[in-house]
Amino acid sequence: MGSPFYSFLRQNNIVCLKFFLIVLFMGCISHRTTNHCSNQLIATPTTPTHLDVTSALEALSLDGYFSFNNNNHAAKDFGNTYQFLPLAVLHPKSVSDISSMVKLIFDMGSTSELTVAARGHGHSLQGQAQAHRGVVINMESLMGPQMQVHAGEQPFVDVSGGELWINILHETLKHGLAPKSWTDYLHLTVGGTLSYAGISGQAFRHGPQINNVYQLQVVTGKGEVRMCSKSKNPDLFYGVLGGLGQFGIITQARISLEPAPKMVKWIRVLYSDFSAFSKDQEYLIESENSFDYIEGFVIINRTGLLNNWRSSFNPKDPMQASQFDSDGKTLYCLEMAKYFNPDETNVIDQITESLLLELHYIPSTLFLSEVSYVQFLDRVHVSELKLRANGLWDVPHPWMNLLVPKSKIHEFADEVFGNILRDNINGPILMYPVNKTKWNNNTSMVTPDEDVFYLVALLSSAVSSKATDGLEHILKQNKRILEYCARADLGVKQYLPHYKTQGDWRAHFGPRWKVFAQRKSSYDPLAILAPGQRIFEKGRPILCNVLKGQGVGEVFYG
Ligand code: FAD
């Protein structure tokens, strides 16, 4: 038979007659070469109308439901600058809801413009979880009480792709366990962060979150439900991890766990010398028995900095700390954490002290705090609540995340912090190194070509329309930084990448573009999935998409 349309009908004997007729009609208008339709339809193919598509979706037999109205929330995200209204939002209750909907759209063929975006918690920055006139899947409605923790030598938890990391933390803690690698903010979904990497201060040791997954269940762009792991369908497994949602919708993930500590010693120190700061960060990520979390941030022209810290940290030497004046300087804060249980306090104090003795920070700026493990991991949520209370959470967020090779970080810092950014950016500037030797290089994630590279995250909020902190100004500043990186040939890669042309995507992936495009043609050949990433275009065969810049032989035969 060959036609995806016929195989679809064979496998879905639960479909009702109404659905059969609608799909039959749509199959006729969308598949130019199927010979079970009238000649007239074959000769003059038309695109399914809005009404046809809506009726076909409505006719699907689902455990969940579609909403066709009041879907404005699905056209919004944390970035707050891109807004594409979908035709429908699917609120799935089962994996088969997702697979039958994707399969229906796949069977409509390439003449239908319909695309599908999985939406986790909608914390994308530039519309990546949106689908213009397509279907958005509200992945959080897949969540349920089915989270399952397995203790043992290699503990793990099975979770839904729409589960929030904060819920996983609370559930696994009931078993004295927790995931190893985190993001700074936990109100993000598993599918959302695994589509990028999931990087935080634990990544130097455990790699990003995509390194800490044993198995995935995925719905491909053909609507097939497939299990994958490093030994079963490894190409799909590694493709999906860091794959920007291009190859499948993550419906389940098996996340690796470790024994969870109860408490965290949380430490901040300041540097005025960038070399000393970065040298100490690099020393710590390479040391045996180091801290459990290492991050850092850059502070440009801020007043009263240490006073702000006092609400959550205590200065080691209050006298000296009160004499420190941060005003006007560019400073670098090294942030570290050591996990412990209450019965280990003495040993941990000694380890921490001996690690601090090796560092070169300004002595008066040592600040310490002890908090519970949950308070530490969920720290950004506290800021979220404060910002929300002041109406500052739902503003545009022109964030830019860069991965900078270690050998170029001084050059980068000189230009960016010494020249381009003259003032604080209305948001944190994170900066910390990670050790790529701890990362798995088979995933789709693209990193610089060096073993150690820095994450530099410019997390601006556009809180006004003023020339100095308005959206336009920040976007211009970001552009200047990107142009500088390209001009100086620093080998920088974007994290949470955003590009407007396929040429830029090809440059981003470099030699790995070939594999990325091959995977797209295997798992989502009609380019239905994650259209908001703007990498491939529906209606244009993947081969054609690829050929824009490369020869067929090069693409398919290496
Ligand atoms: P969404 O925005 O809903 O989706 C993101 C992309 O993934 C879209 O393309 C979408 O189609 C796709 N997608 C969503 N779910 C699935 C699925 N189940 N299967 C396949 N594809 C899917 N990132 C870090 O690495 N480290 C951090 O410390 C960090 N901190 C952050 C703090 C804040 C306050 C915010 C807003 C973001 C932060 N991020 C961080 C970025 C964050 O990881 C990404 O924005 C992530 O995509 C957000 O997850 P989400 O669930 O909201 O995904």
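Indexing begins at 1, ligand by ligand and atom by atom, following the structure's order. Along the sequence shown, residues are numbered consecutively beginning with 1. Note that the structure is a prediction, hence the values are computed from the model and not measured.
Between Ala74, Ala118, Ser181, Gly245, it is Ala118 that holds the heavy atom closest to atom 10 (C) of ligand 1. Here atom 20 (C) of ligand 1 lies nearest to Gly248 when heavy atoms of Gly161, Gly532, Ala530, Gly248 are compared. Comparing Thr183, Leu387, Leu125 against atom 23 (N) of ligand 1, the shortest heavy-atom distance belongs to Thr183. Across the listed options Leu188, Thr193, Asp184, Leu188 owns the non-hydrogen atom lying nearest to atom 40 (C) of ligand 1. Nearest-heavy-atom check against atom 2 (O) of ligand 1 across Ala457, Ser124, Gly243 picks out Ser124.
Polar contact check, Ser200 against ligand 1: no nitrogen or oxygen pair lies under 3.5 Å apart. For ligand 1, the polar-atom distance check finds no N/O of Val380 at less than 3.5 Å from any of the ligand's N/O atoms. On a distance-only criterion, Arg119 and ligand 1 share no N/O pair closer than 3.5 Å. Looking at ligand 1, you'll find an N or O of Gln128 within less than 3.5 Å of one of its N or O atoms. Residue contacts with ligand 1: Gly120 is placed with a nitrogen or oxygen under 3.5 Å of a nitrogen or oxygen of the ligand (distance criterion only). Not a single N or O atom of Trp393, backbone or side chain, sits closer than 3.5 Å to an N or O atom of ligand 1. In terms of polar-atom proximity, Ala117 is not counted as a contact of ligand 1, lacking any N or O under 3.5 Å from an N or O of the ligand. Ligand 1 has a nitrogen or oxygen under 3.5 angstrom from a nitrogen or oxygen of Gly192. For ligand 1, none of its N or O atoms has an N or O atom of Tyr185 under 3.5 Å away.
In terms of protein heavy atoms, atom 21 (N) of ligand 1 is closest to Ser195 OG, 3.2 Å. Looking only at heavy atoms of the protein, atom 51 (O) of ligand 1 is closest to Thr189 OG1, 2.6 Å. Of all protein heavy atoms, the one closest to atom 35 (C) of ligand 1 is Trp399 CZ3, 3.6 Å. The protein non-hydrogen atom at the shortest distance from atom 50 (P) of ligand 1 is His121 N, 3.4 Å. Nearest non-hydrogen protein atom to atom 19 (N) of ligand 1 is Ile250 N, 2.8 Å.
Atoms of ligand 1 found under 4.0 Å from any heavy atom of Gly122, numbered from 1 in the order shown, are 1 (P), 2 (O), 3 (O), 52 (O). When each atom of ligand 1 is checked for a heavy atom of Gln533 under 4.0 Å away, the hits are 9 (O). Residue-ligand proximity, Ile199 to ligand 1, at heavy-atom distances under 4.0 Å covers atoms 24 (C), 25 (O), 26 (N), 27 (C), 28 (O). For ligand 1 and Gly198, the ligand atoms under 4.0 Å from any heavy atom of the residue are 25 (O).
Tested against Ile425 for a side-chain contact (heavy atoms from CB on, under 4.5 Å), the candidates Leu458, Asn478, Ile474 yield a single pass: Leu458.
With a 4.0 Å heavy-atom cut-off, ligand 1 is reached by no atom of Phe247. Only the side chain of Tyr495 comes within 4.0 Å of ligand 1, judged by heavy-atom distances. Under 4.0 angstrom from ligand 1, the non-hydrogen atoms of His123 come from both its backbone and its side chain. Looking at Leu496 against ligand 1, only its side chain comes within 4.0 Å, counting heavy atoms.
With sequence neighbours left out, Tyr293 forms a ring-ring contact (aromatic ring centres under 6.0 Å, His included) with Phe376. Val157 meets the side chain to side chain contact (heavy atoms under 4.5 Å, CB included) test with Met147, Val149, Val159, Ile168, Thr172, Ile255, Leu257; sequence neighbours excluded.
Relative ring orientation between Tyr339 and Tyr373 is described as perpendicular, the plane-to-plane angle rising above 60° on a 0-90° scale split at 30° and 60°. Ring geometry for Trp393 against His123 counts as tilted: the plane angle lies between 30° and 60°, on a 0 to 90° scale.
Judged purely by atom type and a 3.5 angstrom limit, Arg534 uses its side chain to pair as donor or acceptor with the backbone of Gly532. With Ser461 contributing its side chain and Val463 its backbone, the two residues share no donor-acceptor pair below 3.5 Å.
In this model, no donor atom of one side chain and acceptor atom of the other lie less than 3.5 Å apart for His397 and Ser460.
A salt bridge does not link Lys476 to Glu472: none of the charged side-chain nitrogens sits closer than 4.0 Å to a carboxylate oxygen. One finds a salt bridge joining Glu335 and Arg268 here, because a Lys/Arg side-chain nitrogen approaches an Asp/Glu carboxylate oxygen to under 4.0 Å. Salt bridge annotation for Asp77-Arg119: absent, with no cationic side-chain nitrogen under 4.0 angstrom from a carboxylate oxygen. Using a cutoff of 4.0 Å between basic side-chain nitrogens and carboxylate oxygens, Asp524 and Lys222 are not scored as salt-bridged.
Between Phe274 and Tyr332, the gap from one ring centroid to the other is short of 6.0 Å.
The closest side-chain heavy-atom distance from Leu125 to Thr81 is not below 4.5 Å.
Distances shorter than 4.0 angstrom do not occur between any heavy atom of Ala197 and any atom of ligand 1.
Heavy-atom contacts from other residues, nucleotides or ligands closer than 6.0 Å to CG of Asp449 number 12 or fewer.
Contact detail for Arg512 and Asn441: the closest heavy-atom pair is NH2-O, 3.3 Å.
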